[in-house]
Amino acid sequence: MRLKNIRLTKSTDLLISLEELSKKEKLEGYVLSIVGDLSTATFKCPNHEEIKKLSGHFEIISLGGTISPHNTHLHLSVSDDKCQLFGGHLEKGSLVLKAVDILVGFLDLDNEHQNSQLPISLINRVEVYILEGCPWSKRAVRLLKMLDIPHNIITLKDDDEFEKLNKRSHSTTFPQIFIDGSFVGGYDELVRLSNEGHLSNLK
């Protein structure tokens with residue numbers, strides 16, 4: 001993972017700036033931290049198509065999600081001067097008031113299979129079956145990389161591969177994660193195992 005600090009100045013569009021950064025770096029990444037304020041906060045509330053645009057002085061509370069050259073998905077939360085919170089899916093039109101400092105972590109896509117240098121027996125303890133373009137699959141792989149846990153990524157490409165996997169896991173959602181040959185679930189289960197400390201012996 002490579003870290004990059006960026007500073008956005010007055011009237012800069014938050015979403016466009018992050019999209020352009022990812023395209024320039026030609027890498028996928030995610031927002032690690034953010035500090036700053038907005039003059040305009042633009043977002044979609046969950047399960048709504050209508051875009052909300054609020055103007056004023058908003059302190060950024062959080063910005064989380066992924067950026068990539070092809071698909072950026074970020075969630076924004078801000079507070080007004082009365083400490084009221086607003087937020088949702090970040091949309092274009094969120095403008096910097098004074099300044100915003102962001103720390104971005106980039107994943108080297110060219111080293112996606114860097115685990116190949118590890119012993120096969122160690123890699124195969126964790127198998128991650130994913131679908132191309134699945135956001136939850138990407139999050140699971142990202143978490144394993146952050147935890148420095150060796151893993152083997154298998155991308156399903158057709159119905160025959162899916163049927164074979166389904167007979168093994170009896171699950172239709174993705175990602176599908178196996179540890180030491182046993183099916184443990186998907187991304188949510190992986191997070192739970194991590195929070196409970198059950199993945200530490202896999203490093």
Side-chain angles (χ1 to χ4, degrees), residues 1-4 18 22 27-34 46-47 61-77 85 87-90 102-203:
M1 180 175 68
R2 179 162 59 84
L3 303 181
K4 188 175 183 67
L18 288 170
S22 184
L27 293 173
E28 292 184 355
Y30 49 96
V31 175
L32 297 175
S33 67
I34 185 169
N47 300 319
I61 303 303
S62 67
L63 180 68
T66 59
I67 63 174
S68 80
H70 311 292
N71 181 34
T72 294
H73 186 181
L74 295 166
H75 292 173
L76 170 74
S77 65
L85 290 176
H89 297 275
L90 178 65
I102 309 174
L103 177 62
V104 178
F106 281 111
L107 302 174
D108 190 345
L109 299 181
D110 293 333
N111 292 328
E112 183 71 23
H113 302 292
Q114 58 185 323
N115 286 326
S116 60
Q117 298 177 359
L118 296 167
I120 295 298
S121 59
L122 186 58
I123 298 174
N124 287 342
R125 291 196 64 187
V126 180
E127 303 167 77
V128 187
Y129 290 83
I130 68 172
L131 291 179
E132 192 73 35
C134 170
W136 297 106
S137 296
K138 291 182 178 180
R139 291 177 186 180
V141 172
R142 187 179 306 118
L143 177 58
L144 289 169
K145 288 184 177 181
M146 288 178 62
L147 296 173
D148 290 327
I149 294 176
H151 54 279
N152 187 26
I153 302 171
I154 305 97
T155 303
L156 270 65
K157 298 178 180 179
D158 54 44
D159 291 341
D160 289 339
E161 292 181 355
F162 174 79
E163 289 179 7
K164 290 179 182 178
L165 180 63
N166 180 253
K167 290 179 180 178
R168 185 180 175 194
S169 67
H170 304 291
S171 175
T172 59
T173 60
F174 286 86
Q176 295 187 23
I177 302 168
F178 294 78
I179 297 178
D180 292 331
S182 298
F183 178 60
V184 298
Y187 175 75
D188 289 340
E189 289 75 19
L190 185 67
V191 171
R192 177 180 57 78
L193 290 172
S194 175
N195 292 337
E196 294 175 355
H198 296 311
L199 302 180
S200 58
N201 66 330
L202 297 172
K203 298 182 180 181

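Please read all numbers here as calculations on a predicted model, not as lab measurements. Sequence positions, counted from 1, serve as the residue numbers for this chain.
Separation of atoms CG (Leu74) and CG (Leu63) is listed at 5.0 Å; rounding is to 0.5 Å. Here CZ of Arg142 is found 9.0 Å from CE of Met146. Values are rounded to the nearest 0.5 Å. Expressed to the nearest 0.5 Å, how far OG1 of Thr155 lies from CD of Glu132 amounts to 6.0 Å. Taking CD1 of Ile67 as the start and CD1 of Ile102 as the end, the distance is 8.5 Å to the nearest 0.5 Å. Atoms CG and CD, from Leu165 and Glu127 in turn, are 9.5 Å apart once rounded to the nearest 0.5 Å. Glu28 CD to Thr72 OG1: the interatomic distance, rounded to the nearest 0.5 Å, is 9.5 Å.
Under the rule for a side-chain contact (heavy atoms from CB on, under 4.5 Å), the partners of Leu103 that lie at least two apart in sequence or sit in another chain are Leu3, Asn5, Leu32, Ser33. Considering only residues two or more places apart in sequence or on other chains, His198 meets the ring pair (Phe, Tyr, Trp, His ring centres under 6.0 Å) condition with none of them. In this view, Val184 and Ile177, Ile179, Leu193 satisfy the side-chain contact (heavy atoms from CB on, under 4.5 Å) rule, not counting sequence neighbours. With sequence neighbours excluded, the residues satisfying side-chain hydrogen bond (donor to acceptor under 3.5 Å, both in side chains) with Ser169 are Gln176. When the side-chain contact (heavy atoms from CB on, under 4.5 Å) test is applied to His75, the partners found at least two apart in sequence or on another chain are His73, His89.
Residues Phe183 and Ser171 come closest through the heavy atom pair CZ-CB, 3.8 Å. Taking all atoms of both residues into account, the shortest heavy-atom contact from Ile34 to Ser62 is CG2-C, 4.1 Å. Between Leu131 and Phe174 the shortest heavy-atom distance is CD1-CD1, 3.5 Å.
You'll find the side chain of Trp136 stays beyond 4.5 Å of the side chain of Thr173, heavy atoms only.
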Test side chain to side chain contact (heavy atoms under 4.5 Å, CB included) on Leu202 and Leu147 and set out the steps. CA-CA 10 Å; Leu202 297 172; Leu147 296 173; over 6 Å; no
Go through the steps to decide whether Leu143 and Arg139 satisfy the test side chain to side chain contact (heavy atoms under 4.5 Å, CB included), and finish with yes or no. CA-CA 6 Å; Leu143 177 58; Arg139 291 177 186 180; over 6 Å; no
Carefully, step by step, assess Glu161 and Ile154 under the rule side chain to side chain contact (heavy atoms under 4.5 Å, CB included). CA-CA 10 Å; Glu161 292 181 355; Ile154 305 97; 5.9 Å; no
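A cation-pi arrangement is absent between Arg168 and Tyr129 under the rule of less than 6.0 angstrom and at most 45 degrees off the ring axis.
Side-chain atoms of Ser22 come within 3.5 Å of backbone N or O of Leu27 as a donor-acceptor pair.
A salt bridge (charged side-chain N to carboxylate O under 4.0 Å, His left out) check over residues 186-201, counting only residues at least two apart or in different chains, returns the pairs Arg192-Glu196.
Annotation for Asp158: atom CG counts as buried by contact number, over 12 foreign heavy atoms lying within 6.0 Å.
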